[in-house]
Amino acid sequence: MTQVVYERPQEHMGMPLPTPKVAMWLFLVTEIMFFTALIGTYIVLRHGTPAQSPFKWPAPHQVHLIEWIGALNTFVLICSSFTVVLAHHAAVKADMKKATSYVAITLALGGVFLGIKAYEYNSKFQHDILPGHIGESLPYPAKGGGDNDLKAIEREKHEHATGMQYFHRVQLQLEAIKKSSIDAEIQKECNALLDAMTATTAAEGQAVAFHRPPSPAEVGERVNEILEKAEKKGVTLHLTPAIPFGNLWASCYFAMTGFHALHVLGGVVVFAIILLMAVIGRLGPQHSTMLELVGLYWHFVDIVWIFLFPLLYLV
Amino acid sequence: MTETGHPTTHDAAHDLRVKAYFTVFIALSIFTLVSFIANEAVRQGWIDLYTSVTIIIAVAVIKAILVGLIFMHLNFDWGKVYFIIVPIFILGVMMMMVLMPDTVIAWQPSQNPLEPPVSTTGTR
Amino acid sequence: MQQKGWGIFFGVVLLAAFLSIAVGPLVGWWLPANVSSFGPDVDYLYYVILGFTTFFFLLTEVLLVWAMYRFAGRPGNKSQYVEGHHRLEMLWTVVPGGILLYIAIAQISAWERIKYQAKMPDPDLVMQVTARQWDWTMRYADTPLPENHRRWAEIPNFDDIYLPDELHCWKGANVRIYLKTNDVLHSLFLPQLRLKQDALPGKTIPVWFNATDANTRFNASTGNCEWTDKNKEWEIACAELCGGGHYRMRGLLYVHETKDDYLNWLKHAQKAARSRQPEKKATPVAAKD
Amino acid sequence: MSVSHSHSAEAHAHHELSFLRKYIFSEDHKIIGIQFLFSGLIFFLIGGTLALLVRLQVGFPKGINLPWFPISWGGRMSPDFYAMVFSMHATIMIFFVIIPLLTGAFGNFTIPLMIGARDMAFPKLNMMSYWFMWPAFAVILSSFFVEGGAGASGWTSYPLLASATMPAGEGFHSPASPHSGIGQICWLVALLFVGVSSMMGSINYMTTIINLRAPGMTMFRMPMTVWAMFITAILQSMALPVLTVALILQLLDKTINTTFFLPPGGMAFGNWHTGPGGGQTLLWQHLFWFYSHPAVYIMILPAMGMVSDIISTFARKHLFGYKPMVLAIAGIAGLGFIVWGHHMFQSGMDPRLGTGFMIATIMIALPSAVKTFNWLGTIWGANIQYTTAMLNALAFVAMFVIGGLSGIFMAATPVDVYFHDTYFIVAHIHYVLFMSSIFGIFGGIYYWFPKMFGRLMNEKWGKVHFVLTFLFSNCTFFPMHIIGIAGHPRRYYDSTLYRFLDNVQPLNQFMTISAFLLALAQIIFLVNFFWSLFRGAKAGANPWHSNTLEWTAPSPPPHGNFVQTPIVRRGPYEYGNPDMEEDYLPQAEPQPSGIPAPAH
Ligand code: HEA
Ligand code: HEA
Ligand code: CUA
Ligand SMILES: [Cu+2]
């Protein structure tokens, strides 16, 4: 009933596609799911946060994300996508010299992308915008009266320790700043903050009677002010800012761009290998399929960035 | 059953293709600029957030489709690989959609430290 | 004939399994007593599914065993030559399909009743249960139903009463619990109330129940709650792995006969709690109904 | 040898390979399959031994003191140790036994042979997929010896129990659970390796099946085993990346202090706080089950395929409803992707989602019903030969029905309110995993052993093993339904604390004793396996008179499998044709003269 009998078998049973290409597409399927999960995680986490300011998802400038750099990187990847497709095109035409040079350009563009990425990462490290560092859920001093006091107390209890982690981190950084020499005005402010903070730890025996220690929230506020000033003056300060949801943002940012950068790196390595083959003269028109496959991968990496860029930098 | 191999090699067709590649490249660059401007426009207050988000996402989708169709040769290979691609897109989109309501409209967060201290909503 | 023996062997083992579950109710290996207002819904659905599954269990296993017995191979024999049967195929797709659809739809209303927040009845008694490694902390307000209880769940009052592992309510009360956890996931499990809900870190989850039977009476002279029936010692368990002490997050459920009995106990508990914290000036408490 | 076909080119003349290349770093799919088989069996012993420890504790929480038993044992393991034992039991059984055995061993061994290919599409990738298991083996085994011991958050590893750790630099002593420090990191790393290995395997399988079929082997002439492996591979390739992401995110949470799964404000353990948070605890559950529900079908579909072939072969009868069977597998796979929420009904997920997930979950019984009834249809009117392989396959059918039906209770949301995380679920797990998948695996081993090693396994001892296993596994796992109905929560170290569980404790003891007898029965299997490896009766090419392509190759098949590329002329289930003298007609046999070819 269901069995079809051919006395004369068909020649080729498979898809009219070369086996490696089938495999490549299947590999891309797994990659699509991988990034879907990452992006899905990001979207969910982001939408799970409250929408009202000041407790909403950090804006790009808060986390020192510069949009035009992201746009530039997008452009770089688009260019590289273009060149890689031209490389394949040349290889199909058996013009290996042209193909090689296009691969070289692609490789260079991949390098540029990674360079820009590294620059961006560096600025995050400089500003200490790293997962687990940023002061985000700081206990706020009570404003208003009545129930809000109670709420604040409860909240304070709940997060005191978290806040204190931030407090201590800032304290260490301020001490380091004290030892270094930077812009005098900013140094002064930092020292003032440090003094205010250490007055709490001095505690017993000293005359600190009228010196209420700043709460972690207040420390956060002042740190942000100092950072703003330093920004205006062009001074780089190694101080951890207080950003609501900063840790979550940093987690997502590093995970998503990090895995994307790893994929770019993988592509760059493959291009380097191809280039090496070309240099020792082992690259021929028979490799055009291979170039197409690498291209597929590279375009996929490009597409991922096409989505990451707006999601992280713009929206 | 046609034999497999790389795409058919006619010179004329090839030059056409290069042209296509180039057009797509230009289009992609312009689109990138568009999304950048759309973002800037919100900051300047020319358009509201939702319009810009819509523009930006739409642009990203169009860009991805262009890259897929032309650069990844899906306009040639679609008939051969659609059965791989279609399910994965359904699955991916579905996953995000199912995840969304749960984390977004689930139970109210409790004593969420991040909500402004003054906001106290009454009973539900 | 030895070949036929296999069918019998399968049959015996499967029959034994079937009987063991069939005698369960007779020897007490069965659902614990049900004292919840929505419990009958749950039990009813359970029996509906039990009915259908028993039917299909018997159908498939009897067919299997019979076929194993009847069609045991004999040398020189040949099997029937059939590749399939369209009508049969339709039959055993459509019939179970219909049944399954029925089973699915039958569940919806009970599920809505139990868990949908919008469908929860207005509470008579509100408390907050906070899980932590490894016990439950029940927080009671000075009155069964504080004003704006949703807010009370978020912001404790000074005169709230904290009790470890003891859940008090009275018979017929619509109890609303705001479930929280301080650390990892836990799950509030009340077998007799057919209730289970995980506690999620960072979230407050409302759960409700209404006990239809009482098991305790407050004894003013001793200040204790006494079981009215030795067999009605209802327990609270934790049903979500929460570390080494997961198995010993045992609590007790006290269902008072009447609201007055509950209030008496509450007053007493308040006094006891206050005497435990002498440094705090007693805030005036008016147990208003 | 004059096939003009490119794939049959026997151009690569095989020079002798060194022992190392032939048996250890082999690229031959059969050797790789056998490697997976041995690894899986070894881990089955480890996982089984852990299961016995679990049973020991649950059955005799206060130590053993039985009037009729000579040994009395007052020792107790610690609750933390108990948690570690069942977590590792499940992890090992699922990720190191079932998945390597079903997809690794049988997938590798059968796919190229059954579709008439010389080897996998990418033999090197295939070899790598096996060797990627080794870091996983090493890490998971060594995790028992790291500080704090192996992971102990269940095989599901829900945060925060699993993911709460001290901030980086302060060591990995978790205040939540002593085992969720380094042990948990080992768990994550091991699973990452398993995942990568499976991913390589699945891409390889799919490509092979799509592109390397022998001439004449149309999709709808493929045996059920191949279909099942194909769809399993699709499931894996789509679901695994999500698990990979989840594992990586948890790993980052534990090492570099990201906060994906940590709730806002961090959490308080006694006097100690985790760092900042802001993430979603439920997100892990979603990501995990998005993989792990399809994974449970990954763990049963290949067994279903194998069982279909075995039943048809030994029933000497055409498989009933071949196309519906294929569609049913596809249906299970498709539906399998939209039901993951049924593990989260009580988790605090929005209950409205629960309703949707419930309907999808219950409907998944439909394709399973189609499969069950078609198996029954296959043995109806058959001429059953009770070989050990057949008995195991029939046991699969009988037990899968029980396991599947118990799934319906839990799929019904209101009933699941009561049954969630009770032993009812443990019963379900073991009926579908132990008594379906493992019986399927046993069946597969008995069935393909001659093809793998050229010798038959001893039938008599095989039957003894089967009888004892069938009996004692039912004794071990069936009462779990009953104590589940009584409300016994799972993962309980000591249930004697609870009054409402008092009267089921005897059942716990009974199950423990049965579990030990069950374990002893497995020794018979081991002995039989190794004895037959060297002493078993020599098997010809086709000892079972089976139709599928692998039986046209010599036993064991040489590297490259087929002396001559088979040309497939019909479907795999031509048994009992009344017009013929023989009751079977292999797929590659030329059409006998005088026998009309089936219609179309
Ligand atoms: C091989 C593995 C496997 C398989 C095949 C299944 C199959 C099914 N499972 Fe199972 N499941 C697990 C492995 C598996 N499961 C594991 C490991 C867990 C626990 C995870 C953990 O928490 O640790 C679990 C947990 C689990 C839960 C979560 C319970 C909870 O935690 O609260 C649920 C809930 O819906 C469920 C449902 C089902 C259903 C409906 C099926 C269906 O596919 C079954 C369909 C089959 C049949 C129904 C039988 C044959 C059909 C007929 C004879 C037709 C007639 C029948 C009717 C009309 C009813 N399973
Ligand atoms: C494929 C999967 C699989 C398999 C095969 C098994 C097999 C067994 N399982 Fe397991 N089990 C799970 C998957 C599996 N399990 C899962 C997923 C869970 C959930 C875990 C969680 O909650 O996170 C679980 C949980 C689980 C529990 C519940 C723990 C709890 O919740 O507290 C129990 C308790 O009885 C149990 C028992 C057993 C037993 C007795 C066997 C036996 O069938 C094993 C028999 C096999 C052998 C014993 C091997 C043969 C051994 C030898 C030949 C050597 C002889 C050795 C000696 C005599 C020492 N398992
Ligand atoms: Cu608390 Cu388990
Ligand atoms: Cu499931």
Side-chain angles (χ1 to χ4, degrees), chain C residues 3 6 10 13 17 24 28-32 42 45-46 49 53 57 60 63-64 67 71-73 77-81 83-84 89 92-93 96-97 100 103-104 107-108 110-111 114-116 182-185 191 194 196-198 200-202 205 233 235 237 239 241 243-244 246-248 250, chain D residues 79-80 154 158 160-161 176-177 263-264 267-269 281 316-318 320-321 324 346-348 351 359 362 365-366 369 373 376 379-386 398 401 405 408-409 412-415 417-418 420-421 474 478 482 486-487 489 491-494 497-500 503 576 578 583:
Chain C
Q3 298 280 17
W6 288 111
F10 269 58
V13 174
W29 292 338
W30 204 241
L31 299 168
V42 174
L45 291 168
Y46 167 74
I49 298 176
T53 48
F57 171 79
T60 47
L63 284 180
L64 179 79
F71 301 109
N77 198 11
K78 248 190 187 179
S79 66
Q80 298 166 13
Y81 188 70
E83 293 179 0
E89 218 67 69
W92 62 48
T93 314
L100 288 166
I103 293 180
Q107 313 295 324
I108 295 176
W111 173 244
I114 299 173
K115 291 274 165 129
Y116 276 33
N182 265 349
D183 37 47
V184 300
L185 295 170
R194 309 287 188 264
K196 190 178 283 142
Q197 176 62 54
D198 283 14
L200 271 185
I205 300 181
E233 198 180 304
E235 285 159 318
L241 181 63
H246 168 52
Y247 72 101
R248 60 180 152 84
R250 176 174 180 266
Chain D
D80 287 324
Y158 284 177
L160 277 57
L161 188 62
S177 153
M267 280 290 113
F269 296 100
T281 345
R316 315 305 302 161
K317 186 161 173 293
H318 197 291
F320 200 87
Q346 320 307 331
S347 70
I359 294 170
I362 291 184
L366 198 53
F373 289 120
L376 293 178
I379 59 170
W380 201 262
N383 184 35
I384 304 173
Q385 296 175 355
Y386 286 106
V401 168
L405 291 176
I408 303 297
F409 289 87
T413 37
V415 183
V417 174
Y418 181 71
H420 173 67
D421 270 354
N474 272 298
F478 199 84
I482 298 172
R491 297 167 168 177
Y492 262 30
Y493 165 76
D494 180 355
L497 259 58
Y498 292 84
R499 282 206 56 198
F500 76 103
N503 64 343
D583 70 347

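Within every chain, numbering begins at 1; the chains are lettered A, B, ... in the order of the sequence lines, protein sequences first and strands thereafter. Predicted model, so just to flag it, every value in this text is computed and none were measured.
Shown here for D:A412 and C:I49, the closest heavy-atom pair between the two residues is CB-CD1, 3.4 Å. In terms of heavy-atom proximity, D:S347 sits nearest to C:Q197 at C-NE2, 4.1 Å. When all heavy atoms of D:P414 and C:Q107 are compared, the pair lying nearest together is CD-OE1, 3.3 Å. For the residue pair D:N503 and C:G28, the shortest heavy atom distance occurs at ND2-O, 2.9 Å.
In terms of heavy-atom pairs under 4.5 Å with chain D, the best-connected choice from C:G244, C:S79, C:P191 is C:S79. In terms of non-hydrogen atom pairs under 4.5 Å with chain D, the most contact-rich of C:P96, C:A110, C:A17 is C:A17. Top candidate by heavy-atom pairs under 4.5 Å with chain C, chosen from D:P578, D:G154, D:A382, is D:A382. Taking chain C as the reference chain and counting heavy-atom pairs below 4.5 Å, the highest number among D:P79, D:G381, D:G321, D:A365 is found for D:G381. Note on C:I108, C:I103, C:V42, C:L31: by heavy-atom pairs under 4.5 Å with chain D, the leading option is C:L31. When each of C:R194, C:E235, C:Q80 is scored by its heavy-atom pairs under 4.5 Å with chain D, the top score falls to C:E235.
Residue contact with chain C, scored on non-hydrogen atoms closer than 4.5 Å, involves the backbone and the side chain of D:F409 alike. Proximity to chain D (any heavy atom under 4.5 Å) is shown, for C:L64, by both the backbone and the side chain. Heavy atoms of D:D494 lying under 4.5 Å from chain C belong to its backbone as well as its side chain. D:L497 touches chain C through backbone and side chain together, each having a heavy atom under 4.5 Å away.
Atom CG in C:D198 sits 7.0 Å away from atom CG in D:D421 (nearest 0.5 Å). Atom OH of C:Y81 is separated from atom CG of D:D583 by 12.0 Å, given to the nearest 0.5 angstrom. The line from CD1 of D:I408 to CG of C:L100 is 5.5 Å long, rounded to the nearest 0.5 Å.
Scanning for salt bridge (charged side-chain N to carboxylate O under 4.0 Å, His left out) contacts around D:D80 gives an empty result, with sequence neighbours left out. Residues passing the salt bridge (charged side-chain N to carboxylate O under 4.0 Å, His left out) test with D:R499 are C:E233, sequence neighbours excluded.
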Problem - Stepwise side chain to side chain contact (heavy atoms under 4.5 Å, CB included) check, C:V184 with D:Y158 - result: CA-CA 9 Å; C:V184 300; D:Y158 284 177; over 6 Å; no

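A donor-acceptor pair under 3.5 Å is absent between the side-chain atoms of C:E83 and the main chain of D:F320, judged by distance alone. Of the possible donor and acceptor atoms, none in the side chain of C:T53 sits under 3.5 Å from a partner among the backbone N and O of D:L405. A distance-only check finds no donor-acceptor pair linking the side chain of C:N77 to the backbone of D:N383 [under 3.5 Å]. Panel note: side chain C:K196, backbone D:H420; a donor-acceptor pair is recorded below 3.5 Å. In terms of modelled atom types and a separation under 3.5 Å, the side chain of C:W111 and the main chain of D:P351 share a donor-acceptor contact.
Around atom CH2 of C:W29, no more than 12 heavy atoms belonging to other residues, nucleotides or ligands sit under 6.0 Å away.
Using cut-offs of 30° and 60° on the angle between ring planes, the pair C:W92 and D:F373 is parallel. Note on ring orientation: taking the six-membered ring where Trp is involved, the planes of C:Y247 and D:Y492 are perpendicular (angle over 60°, cut-offs 30° and 60°).
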